[in-house]
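I have placed the structure first, in the form of structure tokens, so that the comments after it can refer back to it.
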Amino acid sequence: VYTLNILIHCFCCLGCVDFGFSIMGKLLKLGFHLDSVPFATLIDCLFKEHKFVQATELFNKMKEKGYQPNVAAYNTILNGLCKKHEFAQALQLFNEMVEKGCEPSLVTYNTIINGLCKVGKTSDAFKLLKEIEQRGCEPDAVTYNTIIGKLCKDELVVEATELCIEMVYKGISPTIVTSNSLIQGLCNLGEWNKASTLLEEMEGCNMAPTIFTFNILVNAHCKHGNILKALHLVEHMIQRGIEPDVVTYSSLMDGYCLRDQMNEARNVLDIMVRNGCKPNVHSYNILFSGYLKNRRMTEAKKLLDDMYSKGLSPDVITYNTFLYILCQLGSLTAAEELFKSMSSHGHSPDIITYSTLLHGFCQQGFLDEALSLFDALQKTSVKPNLVFYNILVDGLCKAGRREDASKLLSHLSTEGLQPS
RNA sequence: CUACUCCUAUUACUCCCCA
């Protein structure tokens with residue numbers, strides 16, 4: 001059984017969950033007693049493939065069959081829920097595990113802190129950090145890195161640095177992840193010199209930059225329009241024996257797309273293929289969006305065909321991108337049709353899908369359609385966010401329906417959202 | 001050396017910038 005658990009894990013890593021499932025099925029049929037490992041392995045894999053429903057189902061099935069999940073199994077599903085921004089559900093599960101006498105571990109707390117950061121409740125994450133210490137549980141580098149990373153993303157590098165000092169004071173050594181987060185924060189603020197200084201300090205501490213470090217730098221330069229600098233960095237990383245990966249190339253493509261240099265962007269795709277790096281849906285989405293924003297429809301279409309021929313299929317982001325352009329072109333009928341066809345192709349609309357279409361309606365003054373889309377949204381499990389409400393409130397105001405807008409604003413706070 | 005937590009790329013509103 002031990003060996004077969006390893007095999008299940010291998011299949012999961014290779015993207016063959018089904019094989020993993022059949023192994024576990026056989027083991028169950030043969031009457032072997034299984035522990036939490038194969039279940040947790042498969043649940044984790046399903047989450048990573050964004051098969052949320054199946055993951056939750058498996059977890060429930062596991063409990064129905066009388067298996068008591070251990071901490072790691074709970075952690076797995078907690079993490080999946082947090083990543084999906086289903087924090088309320090995660091908390092419910094946390095309470096369940098405590099009730100069942102399953103003692104939360106440091107990983108559990110780290111997972112929840114990460115969840116809090118993801119939904120923007122950074123101050124609650126800080127509170128939990130203090131609480132962990134009071135419960136006699138020592139936070140580790142991951143705990144600190146999680147919060148430092150969030151602060152850096154919010155461009156609060158000063159606060160992040162303070163927290164870094166605190167961790168050192170507590171005897172916890174910063175890791176390469178800590179440094180990478182800080183570098184990203186500094187780059188986003190345009191503090192290139194400080195980022196370079198930090199890089200030099202890392203070298204002095206025998207902390208070697210990883211592909212993450214380089215990708216962060218390459219992406220930052222691309223976003224700031226300095227592709228030349230990004231290309232130099234790529235050369236530099238190759239010299240240091242780190243091969244660019246799909247993320248590196250995607251950053252470069254996006255850099256060119258942002259400057260409307262579509263031919264150069266397309267050229268990067270060809271180069272990456274030539275270098276033996278396989279593009280994924282993400283890479284194609286970048287180019288697809290670039291072509292559409294430049295109204296190069298024929299090339300966009302060709303790109304999609306190319307993508308299909310590589311055995312890749314569009315995802316919800318591909319659809320959203322196309323939906324956005326249809327709205328921009330004023331083809332609302334086509335947009336609505338695309339919206340309806342999504343579900344039949346197995347792609348559930350997400351909040352960005354709804355927001356995009358909503359924006360299209362509002363721009364053309366179709367407020368009734370906008371409001372009925374809002375109704376439709378409320379019948380789904382998709383939760384409206386602040387951007388969605390901004391679009392709707394803005395649309396109502398511009399149409400002179402201020403009472404409706406303020407009604408919506410008061411509805412906002414009942415949902416626990418803070419208007420901006 | 002069987003599973004769980006931290007860092008990198010794509011899509012929506014506003015703002016900003018540029019024109």
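Nothing here was measured: the structure is a model prediction, and the numbers come from that model. A note on names: the letters A, B, ... follow the listed sequences, proteins ahead of strands, and every chain is numbered from 1.
- The listed nucleotides are B:C4, B:U10, B:A3; the one nearest the side chain of A:S36 is B:A3.
- Stacking of the aromatic ring of A:H282 onto the base of B:A9 is found: the ring centres lie under 5.5 Å apart and the planes are inclined by under 30°.
- What separates CZ of A:F59 from P of B:A3 is a distance of 19 Å, to the nearest Å.
- Under the stacking criterion of a centre-to-centre distance below 5.5 angstrom and an interplanar angle below 30°, A:F212 is not stacked against the six-membered ring of B:U8.
- As judged by a 4.0 angstrom heavy-atom cut-off over every strand, A:I286 is placed among residues touching the sugar-phosphate backbone only.
- When the nucleotides B:U8, B:C6, B:A12 are ranked by their closest atom to the side chain of A:N79, B:C6 comes out on top.
- Taking a cutoff of 4.0 Å between a charged side-chain nitrogen and a carboxylate oxygen, A:E131 and A:K127 do not qualify as a salt bridge.
- Here the side chain of A:Q184 is nearest to one of B:U10, B:U8, B:C13, namely B:U8.
- Between A:S283 and A:M253, the shortest heavy-atom contact is CB-CE, 3.6 Å.
- Atom-to-atom, NZ of A:K398 to P of B:C13 comes out at 11 Å; the value is rounded to the nearest Å.
- The ring of A:F59 has its center closer than 6.0 angstrom to the ring center of A:Y74.
- The side chain of A:V107 lies closest to B:U5, out of B:A3, B:U5, B:U2.
- Regarding A:N5, its CG atom lies at a distance of 6 Å from the C1' atom of B:U2, rounded to whole Å.
- Among the atoms of the strands shown, only primed sugar atoms or phosphate atoms (P, OP1, OP2) are found under 4.0 Å from some heavy atom of A:T321.
- A donor and an acceptor atom sit less than 3.5 Å apart, one in the side chain of A:N70 and one in the base of B:A3.
- A:K118 has no side-chain polar atom (N or O) that falls below the 4.0 Å cut-off from OP1 or OP2 of B:U5.
- If you check every strand for non-hydrogen atoms under 4.0 Å, A:D350 touches nothing.
- Considering only side-chain N and O atoms, A:K223 lies under 4.0 angstrom from the phosphate OP1 or OP2 of B:U10.
- Whole-Å rounding puts the A:N75 CG to B:C6 P distance at 11 Å.
- The distance between atom CZ of A:R259 and atom P of B:A19, rounded to the nearest whole Å, is 15 Å.
- The side chain of A:S181 sits closest to B:C7 out of B:U2, B:A12, B:C7.
- Checking B:U8, B:U11, B:C13 against the side-chain heavy atoms of A:H359 singles out B:C13 as nearest.
- The heavy-atom pair separating A:M207 from A:S179 by the smallest distance is SD-OG, 3.2 Å.
- Under the 3.5 Å distance criterion, with hydrogens and angles disregarded, no donor-acceptor pair is assigned to the side chains of A:N145 and A:D140.
- Contact check, A:K293 against B:U10: no side-chain N or O comes under 4.0 Å of OP1 or OP2.
- Phosphate proximity of B:U8 to A:K153: present, with a side-chain N or O under 4.0 Å from OP1 or OP2.
- For A:V142, the side-chain atoms get nearest to B:U5 when compared with the rest of B:U5, B:C13, B:A9.
- If you take CD1 on A:I6 and CZ on A:F11, they are separated by 13.0 Å, rounding to the nearest 0.5 Å.
- Counting any heavy atom pair closer than 4.0 Å across all strands shown, A:N385 reaches a base atom.
- Neither OP1 nor OP2 of B:U11 sits under 4.0 Å from any side-chain N or O of A:Y324.
- Residue A:S250 places a side-chain atom within donor-acceptor reach of the base of B:A9, judged by atom type and a 3.5 Å distance cut-off alone.
- Contact check, A:K83 against B:C4: no side-chain N or O comes under 4.0 Å of OP1 or OP2.
- Atom CG of A:D394 is separated from atom C1' of B:C13 by 7 Å (rounded to the nearest Å).
- Checking B:C6, B:U14, B:C7 against the side-chain heavy atoms of A:N180 singles out B:C7 as nearest.
- Aromatic pair A:F339/A:H347: ring centres not closer than 6.0 Å.
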